Amino acid sequence: MSFFFTLVALVVALGLTWRYLGSYMAAVFDGRVRFLKFIERPVYRLLGTSPQQEQTWKRYASAVVVFSAVSILFTYVILRVQGHLPLNPQHLGGVGSALSFNTAASFVTNTNWQNYGGETTMSYFSQIGALSVQQFVTPAVGIAVAMVVVRGFARKNSATVGNFWVDITRCLFYILLPIAFVFGAIFVSEGAVQTLAGTATIHDVLNEVTQTLARGPIAFMEAIKQLGTNGGGFLNANSATTFENPTGLTNFLSIYLLLAIPFALTYTFGKMVGSVRHGVALLSVMVLLFGVWVGFTSYGEHQNNPAVAAAGIHSSVGNTEGKEVRFGDTSSALFGVSSTMTSTGSADAAYDSFTPTGGLGLLTGMMLGEVTPGGDGSGLYTLLIFAIIAVFIGGLMIGRTPEYLGKKIQAREVKLAGLGALVMPIIVLLFTALAVSVAAGRAGPLNAGPHGFSEILYALTSQGNNNGSAFAGLTGNTPFYNVVGAIDMLLGRFAIMIPVLALGGALAAKNVVPESLGTFRTDNGMFVGLTIGVILIIGGLTFFPAISLGPIVEMLSHGRFF
Amino acid sequence: MILHLRRSFTMAVICLVVFGFVYAFAGTGVAQVFFKFQADGSITSHGSTLIGQNWTSPKFFHGRPDDFGPYAANPKKSISGGDNPLVNNGVSGESGATNLGPRSKVLLADTEALVTYWHSMGVNPTPDLVTTSGSGYDPDISPQDALVQIPMVTKATGISPSRLRALISRQTHGAQFGFLGASYIDVLQLNEALAKME
C-alpha cells in the first residue's frame with residue numbers, strides 16, 4: 001500500500017515538474033530567462049562568443065567533440081596526478097593509466113561506469129574537480145544536442161542550429177546549478193555527509209568495535225549525480241550507503257531527480273516546436289513503457305530469492321539479498337528501473353543479486369536504447385530518432401512521403417536516424433561476443449553459469465548505453481575491460497550524437513510543408529503505438545537471443561544452482 | 001579548430017572552478033553551518049547511527065550479517081574484496097554487497113550457514129538476518145528482525161520478553177511520512193537503550 005502512495009506522490013511531483021520545469025527550460029534555451037545575466041556575460045566574454053553568433057551543425061558538432069576531448073584530458077590528468085594535489089586526506093596515490101582512461105571516458109560520456117571503489121581510490125580533489133565537474137557538464141552537453149534537433153523542427157530554411165557554448169552555459173547556470181544546490185542541502189539535512197575533514201574513527205565500548213568511516217563532500221555530489229542522470233557515486237556501494245542516501249525521503253527524491261529533466265524535456269520540445277500535443281505523444285511513449293517495466297521489476301523483486309528460499313527461509317518482504325532495510329523491495333526496484341531507464345546507473349541495492357525477473361527488467365530497460373525516458377537530453381534525441389523511423393514506416397504503409405511536424409522525412413533523415421538507432425545494438429553485441437570469446441573477458445564474472453554471462457552482457461549493455469549501472473560482481477578493473485569498456489562508452493555517446501546533430505542540421509535547413517488531409521498524424525494514439533512498436537522491435541528482437549542465454553535461462557532453471 | 005580548442009580549455013577551467021570547487025565549498029559551508037551533526041556523519045558517543053557494526057554478544061540485538069561477524073559463512077574478502085566502512089577492527093575494505101546472483105551456489109551455502117548460526121543462538125531468523133545488504137553495513141533491521149531475537153537477548157540478559165517488546169516498539173521508526181521506504185530500527189540506538197535497561 002505504501003508503494004502505491006509512493007507511486008502517486010511520484011506521478012504528482014513529476015507531473016508538475018513536466019509542466020513547469022519543461023516550460024522554464026524552453027524559456028532558458030530561447031534566451032528569455034536572464035536573471036543571471038551578470039554571470040552569463042563574463043562567461044561569453046571569456047569564451048569570445050555571444051548568443052548572436054550562431055553555428056552550423058558542423059561547427060556545433062566539432063565544438064561538442066573538441067570540448068569533450070578536452071574534458072577527457074582534464075579528467076585523465078587530474079586522476080593521474082591526484083597524489084601530488086591537495087584535498088587528499090587519505091593520501092591516495094595517482095590512479096593507474098588504464099583505469100584513469102576508462103574513468104575519464106566514463107564520466108565525459110555521462111556513463112559513470114566505475115571500475116574503482118570511490119572511497120579507496122579517489123581523492124577529494126578528484127571527486128570534486130574531475131568527476132563532479134563532468135556530472136554537471138555532460139548533462140548540459142546532452143541537453144544542448146537535444147536542443148539542436150528540437151530547433152531542427154522549430155526552424156525553417158535555417159543554416160544554423162544555435163550556439164553550443166551559449167547552450168551549455170545557460171543549461172549549467174539556469175537549470176542544473178540551482179536545482180542541484182537546493183537538493184544537496186536537503187540531502188545533508190537528512191543525514192548525507194558533506195565534509196572535507198577526512199575520515200572519522202569511532203570506538204564503541206558496548207561491543208568493542210573500532211571503525212574508520214569514509215567521509216567526504218558527498219551530499220552535493222549526490223544531488224548532481226541524480227539530476228544529471230550521471231550515477232557515479234562517491235562511495236563504492238553508491239546510493240545503497242547511508243552516507244549517500246540516508247532515508248526513505250532521500251531515496252524518493254533521488255528517483256524524482258533522475259526522472260525530472262528527461263520527462264520534462266518532452267514539454268520543452270512541444271513548447272518549442274509549437275505543439276504541446278506532440279510533446280504529450282512522446283511523453284506517452286516514455287510513460288507507457290516505463291510503467292510496464294516498473295510493474296514487471298517490482299513484481300520480480302517482491303518474489304523470494306531462489307537461493308535464500310532453497311536454504312529454507314521464505315520471505316514475505318521480497319528478495320532481501322543486497323537490499324537495505326530502510327528502502328524495502330519495491331522501492332529498491334523502482335529506483336533500479338528509474339536508474340536503468342534514464343541512463344543514470346546509480347544503485348540503492350545490489351542489482352547483481354536481483355531475482356532473475358528483476359534483473360531481466362533492469363537489463364532490458366537499458367536495451368530499449370535509453371529512451372523511456374532516457375538520460376538528460378540523450379533520452380529526447382534518441383526517442384526522436386525512433387519517432388522518425390516510426391513516421392517513415394507509417395509513411396510507407398500509407399504510401400506518402402512521411403512528414404513530422406511539417407518537415408519532410410527523406411532519404412538523408414532516415415539514413416541518419418537508422419544509423420543512430422543501430423550503433424548501440426551493434427557495439428553492445430559485438431563487444432559482448434568479443435568478451436566471451438577471449439580469456440581476458442571470461443575472467444571477469446564473479447558468478448558461475450548463466451549469471452556470469454549476464455554480468456558480461458550487462459556490463460557492455462550498460463556502457464554502450466552510457467548507463468553505468470552494473471551487475472557489480474564483474475571484475476572490471478582489468479586492462480581488457482578498461483579499454484573495451486572505454487571504447488564502448490565513447491562510441492555509445494558520440495557515434496549517436498554526431499548523426500543526431502547532422503539530423504538537426506538537415507531538418508533546420510528544410511522548409512515547412514503545410515499539413516493536408518493525407519498527412520500521417522504524429523500526435524495521436526496510433527503514432528504512440530507505432531513508436532513503441534519500433535522501440536520494442538529494435539530493442540527486443542535484436543537482443544532476444546542474448547537475453548535468452550542469461551536471465552531467461554536463469555528464470556527457467558528451477559531448482560538448479562550454479 | 002584552434003578557436004574550438006581555446007574555447008574548450010577556457011570552458012573547462014570555468015567549469016573546474018565553478019562546478020567543482022565553488023559548488024563543493026559553498027555546499028560544505030552550508031552543510032557545516034546549518035547541519036553540522038549530519039554533515040559530519042551522525043556520530044554519537046558509540047559510533048555513527050548510520051553505519052552498522054558487528055554485534056557478537058547475545059546480550060545485544062544483532063544487525064544484518066556482513067563479512068566480519070562470527071556468522072559470516074564465507075569470509076567475503078576472498079569473494080569481492082570485503083564490505084566495510086573503510087577499516088573495521090583493523091581490517092580494511094570498502095562499501096559493497098556480495099553481488100552473488102539469485103542462483104548462486106555460494107549464496108545458497110552462505111545462507112544455510114547463517115540459518116545454522118542463528119538456530120545455534122536460539123533464533124528463528126527472518127530473511128533480513130540471513131542476507132547481506134547493498135552497502136554491506138546496513139545500520140537498520142526491521143521490527144520483525146528484532147522481535148525474533150528476543151529469546152536470545154532474554155536468555156543472556158534476563159530482561160523479560162515483554163519489556164524487550166516494548167523497547168522494540170519504542171525504537172521503531174515508521175516509514176517516512178507514513179509511506180516512503182519501510183519501517184526500521186537503528187540497531188545502535190536500540191542497543192544503547194538496551195544497555196541502559198540492564
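Just so it is clear, the structure is predicted and the values come from calculations on it, not from any experiment. Below, all heavy atoms of this structure are taken into account, side chains as well, without hydrogens, waters or symmetry copies. Just so we're on the same page: letters track the sequence lines, and every chain starts at 1.
The shortest side-chain heavy-atom distance between B:Trp55 and A:Leu206 falls under the 4.5 Å cut-off. Inter-residue side-chain proximity for B:Ser133 and A:Val325 is flagged as unmet; no heavy-atom pair is nearer than 4.5 Å. Contact annotation: the side chain of A:Arg215 approaches that of B:Ile43 to within less than 4.5 Å [non-hydrogen atoms, C-beta and beyond]. Side-chain atoms of A:Ser353 and B:Thr98, non-hydrogen and from C-beta on, do get closer than 4.5 Å to each other. The shortest distance between side-chain heavy atoms of A:Val209 and B:Asn89 falls below 4.5 Å.
At a 4.5 Å heavy-atom cutoff, the contact between B:Ala12 and chain A is made by backbone and side-chain atoms alike. For B:Phe37, no part lies near chain A; criterion is any non-hydrogen pair under 4.5 Å. Using a 4.5 Å cut-off between heavy atoms, B:Ser183 contacts chain A through its backbone alone, with no side-chain atom that close. Interface remark: B:Gln144 contributes no atoms to any contact with chain A (heavy atom separation under 4.5 Å).
Taking the side-chain contact (heavy atoms from CB on, under 4.5 Å) definition, one finds that B:Val33 meets it with nothing, sequence neighbours left out. Shown here are the side-chain contact (heavy atoms from CB on, under 4.5 Å) partners of B:Thr157, two or more places apart in sequence or in another chain: B:Lys59, B:Val153, B:Ile159, B:Glu198.
Rounding to the nearest 0.5 Å places CD of A:Gln90 at 5.5 Å from CG of B:Leu86.
A side-chain donor-acceptor contact under 3.5 Å links A:Glu324 and B:Ser135. A side-chain donor from one of A:Glu190 and B:Gln176 sits under 3.5 Å from a side-chain acceptor of the other. A donor-acceptor contact closer than 3.5 angstrom links the side chains of B:Thr131 and A:Thr320.
Heavy-atom pairs under 4.5 Å with chain B were tallied for A:Asn251, A:Leu196, A:Leu474, A:Leu131; the largest tally goes to A:Leu196. Heavy-atom pairs under 4.5 Å with chain B peak, among A:Thr195, A:Thr210, A:Ile202, at A:Thr210. Between chain A and the options B:Val115, B:Thr49, B:Asp40, the largest number of non-hydrogen pairs under 4.5 Å is found for B:Asp40.
Residue-level contacts of residues 15-29 of chain B with chain A, in order of numbering, are B:Cys15, B:Leu16, B:Val18, B:Phe19, B:Gly20, B:Phe21, B:Tyr23, B:Ala24, B:Phe25, B:Ala26, B:Gly27, B:Thr28; threshold 4.5 Å between heavy atoms. Residues of residues 2-10 of chain B placed with any heavy atom under 4.5 Å of a heavy atom in chain A are listed by number as B:Leu3, B:His4, B:Leu5, B:Arg6, B:Arg7, B:Ser8, B:Phe9, B:Thr10.
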Please report the C-alpha distance between A:Glu119 and B:Ser95 in whole Å, then the side-chain angles of each, then the deciding distance to 0.1 Å, and finally whether the side chain to side chain donor-acceptor pair (under 3.5 Å) criterion is met.
CA-CA 8 Å; A:Glu119 64 265 49; B:Ser95 56; 2.8 Å; yes
